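Note that the structure is predicted; figures quoted are calculated from it, not measured. Worth knowing before you read on, the calculation uses all heavy atoms, side chains too, and leaves out hydrogens, waters and symmetry mates.
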Amino acid sequence: MNILVVFAHPERRSFCGALKDTAVRTLTDLGHKVTVSDLYAMKWIAELDSQDFTGERVDADYLDLSREQEHAFATRTQAFDIEQEQRKVAEADLILFHFPVWWFSMPAILKGWVDRVFARGFAYSAGRKYGKGHFFGKKAMICLTTGTDSTLYEPNGIDGDLLHVLWPIHNGILAYTGFTVLPPFAAWMPGRVSADERQGYLDGYARHLTAIEEAEPLFFHPWDDYDETQRLKPGIKARSGIQWNPRAGQTFEQAAYEYDQRVATER
């Protein structure tokens with residue numbers, strides 16, 4: 001496989017960096033081609049603005065970002081750094097996103113990478129999302145580190161269930177653009193555990209990557225399960241563990257209990 005690792009941590013010697021190094025070494029040894037985008041080392045520009053468009057604008061007086069992105073992609077007048085990253089994405093069979101959880105999400109530099117690289121025309125367009133997304137056939141997975149214990153990310157934890165926290169990324173970015181989304185790998189508060197526990201995380205991640213081609217993906221409802229209002233059709237039970245369908249006589253508690261996907265993330 002061609003694998004792209006998108007790494008977003010300002011310290012290369014961090015545990016997040018150690019996980020990235022483990023991924024590169026393990027996957028390379030398995031015969032995969034691995035490319036790394038180290039966003040901080042690249043001095044990646046996070047802001048999406050008019051500087052992303054190097055050719056004639058559709059409207060020079062008003063900045064409609066999605067319209068300008070689509071035009072720039074079609075006319076090959078995007079900024080050079082965007083084109084370079086899009087080429088990596090286009091060539092990748094699997095993308096691994098390595099980052100620390102900051103404020104219940106990804107670091108701003110990585111969100112900026114998504115804003116600019118996953119441009120309209122390249123990553124999505126009219127009628128091309130979810131099961132019909134541009135990246136259909138590609139896989140994506142998050143490898144994350146936290147500053148706190150796993151108990152905080154359980155259903156009754158103060159931070160909430162991990163898959164619920166990651167839903168905006170898993171569903172709103174990755175599944176939206178067509179990726180098959182694999183369960184995340186989490187290293188819980190590596191800065192506060194023993195050296196043996198940290199090594200255990202690294203060894204566990206290497207084992208996980210060795211079997212990644214057989215990993216069972218997270219479930220997202222296919223487009224056919226939704227009606228013209230883009231709500232689950234009457235009678236379709238929500239199976240994501242996050243959604244629920246009152247029109248199928250289903251409560252959130254029933255959906256969460258019956259279709260809990262957290263077991264897929266246990267290590």
Side-chain angles (χ1 to χ4, degrees), residues 4-10 35-92 95-142 144 164-181 220 223 226 228-231 242:
L4 173 61
V5 177
V6 184
F7 175 61
H9 198 293
T35 301
V36 178
S37 286
D38 183 339
L39 301 187
Y40 282 93
M42 293 161 58
K43 303 297 183 183
W44 179 260
I45 298 170
E47 296 88 355
L48 167 59
D49 59 24
S50 61
Q51 299 304 309
D52 285 0
F53 316 118
T54 62
E56 183 177 352
R57 292 258 300 274
V58 176
D59 186 341
D61 296 323
Y62 182 85
L63 182 59
D64 182 331
L65 288 168
S66 61
R67 190 180 180 193
E68 297 295 347
Q69 280 187 328
E70 193 165 33
H71 173 72
F73 177 73
T75 58
R76 304 186 69 176
T77 56
Q78 299 177 108
F80 179 73
D81 58 347
I82 295 174
E83 290 183 346
Q84 291 294 98
E85 294 304 292
Q86 288 180 344
R87 177 185 56 78
K88 297 176 188 177
V89 172
E91 293 175 353
I95 301 182
L96 300 177
F97 295 91
H98 283 68
F99 61 88
V101 174
W102 290 352
W103 293 110
F104 292 78
S105 188
M106 57 177 67
I109 196 170
L110 179 53
K111 181 55 166 59
W113 183 90
V114 172
D115 288 345
R116 299 181 67 220
V117 176
F118 283 17
R120 184 176 177 88
F122 172 69
Y124 69 101
S125 56
R128 298 287 306 278
K129 60 183 181 180
Y130 294 107
K132 297 179 180 179
H134 287 239
F135 299 149
F136 182 80
K138 297 179 183 291
K139 296 180 180 180
M141 193 191 84
I142 291 170
L144 60 89
H164 291 213
V165 172
L166 295 177
W167 176 259
I169 302 172
H170 280 158
N171 183 69
I173 296 174
L174 301 178
Y176 184 91
T177 54
F179 282 103
T180 295
V181 185
F220 296 90
W223 190 253
Y226 295 92
E228 68 279 1
T229 67
Q230 299 186 37
R231 294 183 298 170
I242 295 176

Heavy-atom donor-acceptor pair, Q86 side chain to V117 backbone, under 3.5 Å: yes
Test ring pair (Phe, Tyr, Trp, His ring centres under 6.0 Å) applied to F135 and F122, step by step: CA-CA 9 Å; F135 299 149; F122 172 69; 5.3 Å; yes
Verdict with reasoning, D52 to I82, per side chain to side chain contact (heavy atoms under 4.5 Å, CB included): CA-CA 8 Å; D52 285 0; I82 295 174; 3.5 Å; yes
CD on E85 to OG1 on T35, rounded to 0.5 Å: 10.0 Å
Electrostatic pair E91-R87, nearest N-O below 4.0 angstrom: yes
Side-chain donor or acceptor of T177 paired with backbone N/O of I173 under 3.5 Å: yes
Whether K132 side chain and G127 backbone form a donor-acceptor pair below 3.5 Å: no
Side-chain donor/acceptor of T54 to backbone N/O of T77, under 3.5 Å: yes
K88 side chain vs V6 backbone, donor-acceptor pair below 3.5 Å: no
From CA spacing to verdict: side chain to side chain contact (heavy atoms under 4.5 Å, CB included), M106, I142: CA-CA 10 Å; M106 57 177 67; I142 291 170; over 6 Å; no
Shortest non-hydrogen contact from H134 toward S125: NE2-OG, 2.7 Å
Shortest non-hydrogen contact between L48 and D115, atoms and distance: CD2-O, 3.8 Å
Considering all heavy atoms, the nearest V181-A175 contact: CG2-N, 3.8 Å
Nearest non-hydrogen partners of A79 and R116, listed with the distance: CB-NH2, 4.2 Å
Main-chain N/O of R120 paired to Q69 side chain as donor or acceptor, under 3.5 Å: yes
For Q78 against A119, the heavy-atom pair lying closest together: OE1-CB, 3.9 Å
Gap between atom OG1 of T180 and atom CZ of F220 - 0.5 Å precision: 9.5 Å
K138 and I95, any side-chain heavy atoms less than 4.5 Å apart: no
Audit row: S105, K111, side chain to side chain donor-acceptor pair (under 3.5 Å) steps and yes/no: CA-CA 9 Å; S105 188; K111 181 55 166 59; over 6 Å; no
Min side-chain heavy-atom separation F53-L63 under 4.5 Å: yes
E56 CD to T75 OG1 distance, which is reported to the nearest 0.5 Å: 9.5 Å
From L166 atom CG to N171 atom CG, the distance as rounded to the nearest 0.5 Å: 12.0 Å
Atom pair NZ (K129) and CD (Q230), whose distance is rounded to the nearest 0.5 Å: 4.0 Å
Residue pair W44 / S37, side-chain heavy-atom distance below 4.5 Å: no
Check: F99 and I109 side chains under 4.5 Å, non-hydrogen atoms: no
Shortest non-hydrogen contact from P100 toward A8: CD-O, 3.1 Å
Plane angle bin for W223 and Y226 - parallel if under 30°, tilted between 30 and 60°, otherwise perpendicular: tilted
Straight-line distance of Y124 OH to Y176 OH, nearest 0.5 Å: 6.5 Å
